Engineer: 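Could you have a look at this structure, given as structure tokens, before my questions?
Quantities reported herein were computed from a predicted structural model and do not represent experimental measurements. Proteins come first, then strands; the chains are lettered A, B, ... in the order of their sequence lines, and each starts at number 1.
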Protein chains: 2
Amino acid sequence: MRWKKISDAVVRRLPLYLRVLDDLAHKEKVKLISSQELGELAGVSPALVRKDLAWFGEFGKQGVGYELEYLRHELRRILNLDVNHRVALIGVGSLGGALTRYNIRRYRENPDFNLHIVALFDSDAELIGSEVEDVQIQPLDVLEQTVEDMGIEMAIITVPASDAQTVAQRLVNAGVKAILNFAPITLHVPDDVQVASADLTLELQRLAYYLVEE
Amino acid sequence: MRWKKISDAVVRRLPLYLRVLDDLAHKEKVKLISSQELGELAGVSPALVRKDLAWFGEFGKQGVGYELEYLRHELRRILNLDVNHRVALIGVGSLGGALTRYNIRRYRENPDFNLHIVALFDSDAELIGSEVEDVQIQPLDVLEQTVEDMGIEMAIITVPASDAQTVAQRLVNAGVKAILNFAPITLHVPDDVQVASADLTLELQRLAYYLVEE
DNA sequence: TAGATTGTTAATCGATTAACAATC
DNA sequence: TAGATTGTTAATCGATTAACAATC
């Protein structure tokens, strides 16, 4: 079952709902949750929660609410998080290394996380051959081959801005369909490739706007 | 000069425009830029570029375009990036450390960057007293005092989810007005405090939505 | 002047909210 | 049954685009 044209605004909120449900599943013995409660915890209006979910089916019961585990399961399915996805990370500097450690540890604790960094690349000869959380850092030469051999679908770019577009191009050529980009540059990719920008400087600068001196 | 109620959608694009102008200022000898060009490089329509800028004044010349250095200067002023801002980072794990190194190196290269991590905090006794890029890691006990003494306005939270809300509360009490939050939890803060969420898992999960197996 | 591009208004588009019938 | 909450439609709100007069 696939859905035609769900707006990006809707898709952005789904992982947020899932995060709330995951937290509740761990902490409390809650079995049911209303759009009211879910909305409060996610910072979204109850009407919007219902409307977002309704795009994908009828998951609740009138007068009752949503069965927590069922909704959680459905959200994971909708987000394709019910199957495992292999991820490559390019640029194993301190940020890239930190993200790798975080991801792999999380995956080890809970393999159902289903997003797994399985390959690391860097152009620095000093780094090649060394390991982060048991994953060897490889030279960029073998990028395409490795992506294809391992069935890698997503990539995280943590290289300098000057290299980011070239790396993105090579990833796209190798068949990667989703990129999380930390480099401070707008990547140009075909329409069927999704890019999420994670330029943290942009976020800090945006926050500075609200720092009005009294 | 302050502006009343500029929408968040507009504010989000300003750092993006600034990034484009900064890049051009370094690379080329471009003196003028049209809304067409700026829009192309920022991934925004020309009409929207003009409308966004017009909220803050008249920065261009009809038939000519925008003078690059002037617009850059004005954007920095609008974003409060013409004055220096001190930033605290709480949770010096591998992600926090990476962000600190990146920020401080960038600031050293170019102090006009004006966003500067000047204080680090952690609860781990092992870390306290050690340094990252010449900034000592302090115990959380002195958080409030240090924020006040140093005139810290912004904070970056890179602690575990379980500690994030408490840390946020303490930061708010100490007078911090903007928080960049990497913990996977929705922070509850007063209306006059701005929070930007940087939960990278949320971004990866969102990207997974688009990975439809053929 | 002629050509180009801004600043701005009106039109369109899309997203959110309000409201309520359906129903558990 | 009575009370509660979903799913959905209509109303509202806000953001983007189109268009063009102003003007450099």
Side-chain angles (χ1 to χ4, degrees), chain A residues 1 3-17 20-21 24 30-75 78 186 191 206 209, chain B residues 1 3-18 20-21 24 30-75 78 186 206 209:
Chain A
M1 194 209 293
W3 313 275
K4 27 197 119 170
K5 210 31 198 332
I6 305 293
S7 108
D8 191 58
V10 174
V11 176
R12 264 173 204 287
R13 285 187 293 265
L14 301 180
L16 199 59
Y17 300 151
V20 169
L21 298 182
L24 289 178
V30 184
K31 283 259 165 292
L32 289 166
I33 189 165
S34 64
S35 59
Q36 170 86 49
E37 296 170 281
L38 177 46
E40 228 156 75
L41 291 167
V44 169
S45 79
L48 192 50
V49 170
R50 295 199 297 278
K51 200 160 202 310
D52 284 346
L53 297 176
W55 286 103
F56 302 97
E58 308 193 357
F59 303 122
K61 279 203 180 65
Q62 275 104 328
V64 179
Y66 301 89
E67 208 270 296
L68 195 145
E69 276 303 331
Y70 174 64
L71 183 57
R72 190 168 163 236
H73 181 267
E74 288 299 296
L75 274 174
I78 292 164
T186 301
D191 284 346
R206 176 170 81 79
Y209 174 83
Chain B
M1 195 210 294
W3 315 275
K4 28 197 118 171
K5 209 31 198 330
I6 306 293
S7 107
D8 192 58
V10 174
V11 176
R12 262 173 205 286
R13 286 187 293 266
L14 301 180
L16 199 59
Y17 300 151
L18 180 58
V20 169
L21 298 182
L24 288 178
V30 184
K31 284 259 166 291
L32 290 166
I33 189 164
S34 64
S35 58
Q36 170 87 49
E37 297 170 279
L38 178 46
E40 229 155 76
L41 292 167
V44 169
S45 79
L48 192 50
V49 169
R50 295 199 298 277
K51 200 158 202 310
D52 284 346
L53 297 177
W55 287 103
F56 302 97
E58 307 193 357
F59 304 121
K61 279 203 179 66
Q62 276 105 326
V64 178
Y66 300 89
E67 207 270 295
L68 194 145
E69 276 303 331
Y70 174 64
L71 182 57
R72 190 168 163 236
H73 181 267
E74 288 298 297
L75 274 174
I78 292 164
T186 302
R206 176 171 81 79
Y209 174 82

Engineer: Kindly indicate whether the side chain of Leu24(A), heavy atoms from C-beta on, has any atom under 4.5 Å from the side chain of Val20(A).
Structural biologist: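 They are in side-chain contact.
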Engineer: Are any non-hydrogen side-chain atoms of Leu38(B) and Val44(B) less than 4.5 angstrom apart?
Structural biologist: no
Engineer: Can you list the stems that DNA chain D is part of, where a stem is at least 3 pairs in a row, each Watson-Crick or G-U, with both distances below 3.5 Å?
Structural biologist: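 The stems that DNA chain D takes part in, listed by first number, are C:3-24 with D:3-24.
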Engineer: Could you run through nucleotides 17-24 of chain D and give me one letter per nucleotide, 5' to 3': B if any protein heavy atom sits under 4.0 Å from the base, S if only the sugar-phosphate is that close, - if neither?
Structural biologist: BBB--BBB
Engineer: Is any side-chain heavy atom of Arg13(B) closer than 4.5 Å to one of Val49(B)?
Structural biologist: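 Val49(B) vs Arg13(B): side chains apart.
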Engineer: What residues form a side chain to side chain donor-acceptor pair (under 3.5 Å) with Tyr17(B), not counting sequence neighbours?
Structural biologist: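 Partners of Tyr17(B) under the side chain to side chain donor-acceptor pair (under 3.5 Å) test: Asp52(B).
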Engineer: Does Arg13(B) make a side-chain N or O approach to OP1 or OP2 of dT16(D) shorter than 4.0 Å?
Structural biologist: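 Answer is yes, contact under 4.0 Å.
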Engineer: Please state whether the phosphate of dA4(D), meaning OP1 or OP2, lies under 4.0 angstrom from any side-chain nitrogen or oxygen of Tyr66(A).
Structural biologist: no
Engineer: Using every non-hydrogen atom in the two residues, find where Leu71(A) and Phe59(A) come nearest and quote the distance to one decimal.
Structural biologist: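 In this case the closest contact between Leu71(A) and Phe59(A) is CD1-CB, 4.0 Å.
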Engineer: Show your working on side-chain contact (heavy atoms from CB on, under 4.5 Å) between Tyr66(B) and Arg50(B) and close with a plain yes or no.
Structural biologist: CA-CA 10 Å; Tyr66(B) 300 89; Arg50(B) 295 199 298 277; 3.7 Å; yes
Engineer: Counting only side-chain N and O atoms of Ser34(B), is one of them less than 4.0 Å from OP1 or OP2 of dT5(C)?
Structural biologist: no
Engineer: Is there a side-chain polar atom (N or O) of Ser35(A) under 4.0 Å from OP1 or OP2 of dT5(D)?
Structural biologist: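 False: Ser35(A) side-chain N/O out of range (4.0 Å or more) of dT5(D) OP1/OP2.
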